Amino acid sequence: MADTPIPLDVRNITKRFGDIEVLKGLSLKAHKGDVITLIGASGSGKSTFLRCMNLLEQPNEGDLIVHGEQIRFKETKHGREPADWKQVVRMRAKLSMVFQSFNLWAHMTLLENIIEAPVHVLGKTKKEAIAHARELLERVGLDEHADYYPAQMSGGQQQRGAIARALAMDPEVMLFDEPTSALDP
Ligand SMILES: Nc1ncnc2c1ncn2[C@@H]1O[C@H](COP(=O)(O)OP(=O)(O)OP(=O)(O)O)[C@@H](O)[C@H]1O
Ligand SMILES: [Mg+2]
């Protein structure tokens with residue numbers, strides 16, 4: 001559809017750690033329904049690129065346009081930073097990330113992990129969030145594990161739990177870092 005904004009448009013991202021330039025002007029456009037895979041050697045910058053997309057890392061150069069909204073940056077003495085963190089929070093609600101190491105919150109049960117952001121960021125009621133969480137848990141085969149803590153779950157179960165947590169935000173874009181590293185084919 002011509003007038004629907006592109007969910008994710010990343011332009012000429014450059015990222016340096018000290019003297020090492022890890023990303024050298026990478027661009028990517030994700031249209032609705034696209035599945036895009038990044039393949040590369042360990043250490044080549046895949047995680048860094050994903051982390052730049054939701055500004056967990058600050059790109060040194062380049063632009064991010066999320067659902068038609070361009071992220072604004074400012075130059076500071078620490079380098080380039082987002083000019084408006086409220087805009088970043090709004091943008092992150094549209095981009096859910098499943099981390100390479102899953103990063104479920106260890107002190108919360110799986111169900112609590114899943115409802116945290118829908119309640120505190122999207123403003124859903126707890127009841128609504130729990131109902132949606134239970135549907136997602138069933139979808140990823142973890143309906144029996146709602147009350148488990150991450151440490152009580154296998155790597156693959158944690159990964160599926162992290163996927164359910166990301167889906168619970170009804171995101172426009174899902175960023176998966178090594179999406180099947182711990183899963184059965
Ligand atoms: N915070 C950081 N500070 C300094 N260097 C970093 C930092 N994060 C990543 N790097 C470096 O950037 C490079 C890319 O790392 P990245 O994690 O993006 O690789 P990757 O492609 O995801 O690798 P893997 O397949 O092993 O997950 C590596 O050389 C890494 O050492
Ligand atoms: Mg990685």
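What you see is a predicted model; the values in this text were computed from it and never measured. Counting starts at 1 for both ligands and their atoms, in listed order.
Near A41, meaning under 4.0 Å from any of its heavy atoms, are these atoms of ligand 1: 21 (O).
Remark: ligand 1 and Q100 share an N or O pair separated by less than 3.5 Å (distance only, no angle test). Between G43 and ligand 1, at least one pair of N/O atoms sits closer than 3.5 Å. Not one N or O of G40 is nearer than 3.5 Å to an N or O of ligand 1, by distance alone.
Summary of contacts: the protein heavy atom closest to atom 17 (O) of ligand 1 is S47 CB, 3.7 Å. V22 CG2, 3.4 Å is the protein heavy atom nearest to atom 12 (O) of ligand 1. Remark: minimum distance from atom 9 (C) of ligand 1 to any protein heavy atom is reached at F17 CE1, 3.5 Å. Closest to atom 26 (O) of ligand 1 among all protein heavy atoms lies S42 OG, 2.6 Å.
For the atom pair CG of L95 and CG of L8, the computed distance is 6.0 Å after rounding to the nearest 0.5 Å. If you take CD on Q157 and CZ on F102, they are separated by 11.0 Å, rounding to the nearest 0.5 Å. Note that CG of L28 is 8.5 Å distant from CG of L26, once rounded to the nearest 0.5 Å.
Using a 4.0 Å threshold on non-hydrogen atoms, atom 31 (O) of ligand 1 does not count as touching the protein.
None of the N, O or S atoms belonging to S42 lies under 2.8 Å away from the Mg ion (ligand 2). None of the N, O or S atoms belonging to T48 lies under 2.8 Å away from the Mg ion (ligand 2).
For the pair R165 (side chain) and A117 (backbone), a donor-acceptor distance under 3.5 Å is absent.
With R16, K15, K46, E21 as candidates, the residue nearest to atom 25 (O) of ligand 1 on a non-hydrogen basis is K46. Considering only non-hydrogen atoms, atom 18 (O) of ligand 1 lies nearest to T48 out of T48, L38, I39, L23.
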Give the intermediate values and the outcome of side-chain contact (heavy atoms from CB on, under 4.5 Å) for residues E57 and F17.
CA-CA 10 Å; E57 293 288 357; F17 292 112; 3.8 Å; yes

Please determine whether side-chain contact (heavy atoms from CB on, under 4.5 Å) holds for the pair M97 and N103, giving the CA-CA distance in whole Å, both sets of side-chain angles, and the decisive distance to 0.1 Å.
CA-CA 10 Å; M97 177 132 172; N103 291 6; over 6 Å; no

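If you look at E178 next to ligand 1, the close heavy atoms, those under 4.0 Å, all belong to the side chain.
With respect to E61, the salt bridge (charged side-chain N to carboxylate O under 4.0 Å, His left out) criterion is satisfied by exactly one of R16, K24, R80, K15: R16.
Under the 4.5 Å side-chain criterion, counting only non-hydrogen atoms from C-beta, F99 is in contact with R51. The shortest side-chain heavy-atom distance between K46 and E178 falls under the 4.5 Å cut-off.
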